[in-house]
Structures are given as structure tokens and as C-alpha cells.
Q: 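Pasting a structure below so you can have a look.
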Amino acid sequence: MPRPNTREKAVGLPISYEPGAPTPDGFVPLCVPEIRGNAWVYVKECLDTNWVSSVGPFVDRFERELAAYTGAQHAVAAVNGTAALHIALLATGVQPDDEVLVSTLTFIAPVNAIRYCGAWPVFIDAEPHYWQMDAHKAADFLQHGCVWSNGELRNRRSGRRVRAILPVHILGHPVDIDPILELARAYDLPVIEDATEALGSCYKDRRVGNLGDIACFSFNGNKIITTGGGGMIVTNREAWAQKAKYLTTQAKDDALEYIHHEIGYNYRLTNIQAALGCAQMEQLDEYIAIKRRIARTYQEAFADVPGITPMPEAPWATSIFWMYTVLVDEAEYGMGSRALRRRLEDAGIQSRPLWQPIHLSPAHAGHAYVCPLAEDLYRRALSLPCSVGLTEAQQAKVIEQVKARG
Ligand SMILES: *Cc1c(COP(=O)(O)O)cnc(C)c1O
């Protein structure tokens with residue numbers, strides 16, 4: 001019997017195609033994990049030694065290695081990046097009914113984490129050059145939208161206390177953080193970096209995750225390195241690291257008698273996941289080099305395609321190009337980002353628009369925020385296949401389809 005034509009089946013694959021699922025012949029997925037090196041050895045070690053659960057030598061080692069890599073003093077493992085953000089917010093002292101400045105152009109996780117604390121997001125627009133949180137707009141909100149009263153910074157409109165800034169380094173490129181750190185100092189606000197998409201990227205020779213007061217990473221399947229699912233909190237403040245460890249481990253005050261003074265969470269990473277993480281850490285620098293090479297090939301190919309803006313990199317940044325994304329100008333290119341996405345799908349290539357800016361999200365509606373740049377980027381952006389395992393032939397196929405235009 002002839003083999004079924006899997007190439008034909010790949011055509012029209014749904015956008016929900018999950019990272020890590022088997023790839024049908026010829027189909028080019030957006031961004032899938034790359035498992036290499038010591039992964040099998042380290043995971044087998046967990047199974048052989050019975051260290052399979054939420055403590056173990058690989059958890060300690062993964063924490064140490066991530067701290068060393070980012071240059072931060074402390075790292076605390078967590079079950080995923082969203083949980084890490086929840087805990088980081090709590091560790092900095094964010095309380096119910098506080099407000100937190102957060103990028104509107106982001107995956108939804110940090111905004112959900114703010115709501116888990118009972119706090120509220122204040123959405124800050126993206127800047128047009130690198131698509132990251134706009135420090136000028138954050139400054140404008142703090143200057144004109146807030147007022148000091150009894151030593152507390154309050155939102156003039158809501159009356160609520162403004163308590164932290166949460167910039168998200170989106171798509172692997174760092175936020176222009178110095179102006180934000182300056183604001184944070186002036187207004188006495190901690191900076192919580194969402195570095196989940198940017199492990200290894202640099203801002204003026206400093207690694208993300210060690211720019212603000214506390215930071216979070218994710219090791220979900222689509223990130224630069226993966227533990228299946230996982231997260232990490234890093235900080236230079238010992239007290240916050242201790243608080244984070246305490247809260248992720250059910251806030252246990254007496255290990256023998258099970259005494260608890262606070263509501264804790266079961267947010268621990270397992271030793272098996274951490275084993276995978278340690279193996280992936282050994283690959284990280286090479287993965288970044290590959291991501292940058294993929295980006296360079298796209299940049300050169302798209303440089304002269306009318307209506308396609310290649311993904312930017314600031315002169316002060318070293319991006320890991322985690323999710324290679326272009327802007328599509330409908331008038332100039334001949335079709336918009338959504339039409340291009342459908343055409344790529346017909347050719348067996350997965351691509352994806354950016355996230356709906358969260359100020360527009362029905363889940364977080366209720367505030368009349370205006371973030372025009374994020375909305376414009378959302379309309380125009382399309383992320384293209386950029387897995388570490390992307391072959392030259394696959395990338396050539398993507399380039400050919402994009403260059404074919406309308
Ligand atoms: C991936 C991601 C997270 C965390 O995701 P988890 O799946 O919970 O690990 C948080 N913020 C952003 C911006 C992300 O892309």
C-alpha cells in the first residue's frame with residue numbers, strides 16, 4: 001500500500017499546532033524544542049537514583065547555574081514562568097488593589113500574575129523601534145497620572161496605590177531598561193523583569209534577568225531552552241529569594257510539625273525537569289548562536305522586500321531573536337499579515353501574529369487605556385519559523401514564500 005501523502009495532510013494544519021508534537025513531512029513548525037546533549041543521561045540519573053520529585057541535586061544545580069549565567073546572586077526554581085511571576089510580585093510586596101505598570105504588548109501571563117495577587121495592571125504602550133515597553137509613556141503616566149499622598153504614590157483616576165513596574169522583554173530583545181530603572185528610583189518602585197522570552201539576551205553588556213530588582217524566566221516548550229514546563233525567579237536580594245523559596249514550597253515554617261504562618265503555593269520544579277534544564281543550559285550558548293544566524297539569514301533575505309520590515313535589534317542590545325518576527329505593510333507588500341499567514345499555512349509553513357495587546361483583551365477589559373503603537377504592531381506583525389532545529393532548506397522555503405508576495 002502506498003504511504004499516505006503526509007505533505008498534503010500538512011496543508012491546512014491548524015494554528016494550534018503544539019510545540020513538540022511530531023512534525024508531518026514537509027511541514028515547517030513555528031518554534032519547537034531542541035533536545036540534545038546530556039538530556040537522556042541526566043533524566044536517566046533521576047530515574048536510576050529515585051530523585052524524581054520536587055527536591056534533588058538537579059534542582060539545586062539548575063538554580064546555581066541560572067544564577068551564575070545571569071550574574072544574579074540567587075535563583076529559585078518554579079513550576080512555570082507564570083508561577084514565577086506570581087511569586088516575584090508577592091516577594092516585592094505587591095498587595096491586593098495595588099497597581100503595577102506592565103507592557104501591553106506581551107503574552108498574557110504577567111498580567112494574569114498581577115491579577116492573581118489581587119492587583120491591577122496599568123498598561124504601557126510599546127515604542128515603535130524595538131516594540132518594547134515605552135519608558136516615555138511610563139514616565140508620562142507616573143508624572144501626570146499619579147500623585148503622592150501620605151508618602152504613597154497613587155493613580156489619580158483610580159485612587160489605588162502604584163506599587164511596581166513589570167517590563168516584558170518580548171521576542172528575545174531587551175527593553176531599553178535604563179530610563180525605566182531611573183523612573184523606578186525616582187518613584188521608589190521595584191522593577192520586576194519578565195525575562196521569559198529573552199534568556200541570554202544582553203542590554204549594554206548586562207544580561208537580562210539581572211537588570212532590575214527581580215526577574216523571571218520560563219522553560220516552557222517554545223522557549224529558547226525547555227524543561228517541558230518550568231520557571232525561575234532570580235534576584236540579588238537575599239530576603240526576596242528566601243521569600244520566593246518559602247512561598248513556592250507551601251510556606252512551611254516547621255518541616256517536622258508542618259506549621260504554616262502564611263498561604264503558600266505548591267510551585268516547585270521537579271528534579272526530572274531540572275535535569276532536563278541542566279542539560280539544556282549546556283546547549284544555551286549554541287542555541288543563541290543558531291537563533292542569531294537564522295535571524296541574520298532572514299534579515300538579508302528580506303532587506304529588499306517592499307513592505308516587509310525585518311526584526312530590529314538596537315545598537316545597545318544583543319537579541320537572542322527568540323521569536324523571529326517581521327512587520328507586514330499591507331499597502332506596500334500587497335497583502336496584510338493575516339493574509340500572508342494563510343498563504344504560508346497553505347504552503348505548509350506555520351506562522352503566527354503577535355498577541356492581542358492585553359489592554360484589548362476581554363479578560364482584562366474595564367479600563368479605557370490607549371496604546372496605539374501596540375495596536376498597530378499587533379495588526380502588522382507576523383512571527384516566522386525559527387526553531388533551533390530549522391534546516392537551511394526549511395528556511396529557504398519560508399523566504400521563498402515571503403518573497404513571492406501577493
Ligand atoms: C512564556 C511566557 C511566560 C511564562 O510562561 P509559562 O508557560 O508559564 O512558563 C510569561 N511571560 C511571557 C511574556 C511569556 O512569553
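Indexing begins at 1, ligand by ligand and atom by atom, following the structure's order.
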Q: Is the number of heavy atoms from other residues, nucleotides or ligands within 6.0 Å of NE2 (H129) greater than 12?
A: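 Incorrect, the count does not exceed 12.
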
Q: Answer yes or no for G231: is there a heavy-atom contact with ligand 1 below 4.0 Å?
A: no

Q: Would you say T82 has any N or O atom under 3.5 Å from an N or O of ligand 1, going by distance alone?
A: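 Such a contact does occur with ligand 1.
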
Q: What residue and heavy atom of the protein are closest to atom 2 (C) of ligand 1, and at what distance?
A: K223 NZ, 3.0 Å

Q: When you measure from the centre of the six-membered ring of Y298, is the NZ or CZ of R292 closer than 6.0 Å and no more than 45° off the axis?
A: no

Q: Quick one: sort the H86 and Y265 rings into parallel, tilted or perpendicular, breaks at 30° and 60°.
A: perpendicular

Q: Donor-acceptor check, side chain of Q350 to backbone of L30, threshold 3.5 angstrom: yes or no?
A: yes

Q: Within a distance under 4.0 Å of any heavy atom of S218, pick out the atoms of ligand 1 and give their elements.
A: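 Taking each heavy atom of S218 in turn, ligand 1 has 1 (C), 4 (C), 5 (O), 6 (P), 9 (O) under 4.0 Å.
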
Q: Quick test: of every protein heavy atom, which one is nearest to atom 13 (C) of ligand 1, and how far off is it to 0.1 Å?
A: E197 OE2, 3.3 Å

Q: Under 4.5 Å between any side-chain heavy atoms of V100 and L189, yes or no?
A: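 Heavy-atom side-chain distance check fails, nothing below 4.5 Å.
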
Q: Using a 4.0 Å cutoff against the non-hydrogen atoms of P110, which atoms of ligand 1 qualify?
A: 11 (N)

Q: Should you measure from each heavy atom of A109, which atoms of ligand 1 turn up under 4.0 Å away?
A: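 So the atoms of ligand 1 that pass are 3 (C), 10 (C), 11 (N).
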
Q: Does ligand 1 have an atom under 4.0 Å from some heavy atom of L85?
A: yes

Q: Which residue holds the protein heavy atom closest to atom 12 (C) of ligand 1, what is that atom called, and what is the gap in Å?
A: T196 OG1, 3.0 Å

Q: Could you tell me which atoms of ligand 1, counted from 1 in the order shown, lie closer than 4.0 angstrom to a heavy atom of T106?
A: 13 (C)

Q: Do R115 and W120 meet the cation-pi criteria used here (NZ or CZ under 6.0 Å from the six-membered ring centre, within 45° of the axis)?
A: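 Yes - R115 lies over the ring of W120, closer than 6.0 Å to its centre and within 45° of its axis.
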
Q: Can you sort out which atoms of ligand 1 are near V168, meaning under 4.0 Å from one of its heavy atoms?
A: 13 (C)

Q: With distance as the sole test, does S158 use its side chain to make a donor-acceptor pair with the main-chain N or O of R160 at under 3.5 Å?
A: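 The answer is yes, because a donor-acceptor pair under 3.5 Å joins these two groups.
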
Q: Is any side-chain heavy atom of K44 closer than 4.5 Å to one of W40?
A: no

Q: Let's go through H359 and T104 carefully: what are the C-alpha distance in whole Å and the side-chain angles of both, what is the deciding distance for side chain to side chain donor-acceptor pair (under 3.5 Å) to 0.1 Å, and is it a yes or a no?
A: CA-CA 6 Å; H359 70 280; T104 191; 2.7 Å; yes

Q: For ligand 1, which is the ligand I care about here, please tell me if G81 has any N or O atom under 3.5 Å from one of the ligand's N or O atoms.
A: yes

Q: Looking at atom 11 (N) of ligand 1, what's its closest protein heavy atom, distance included?
A: D194 OD2, 2.8 Å

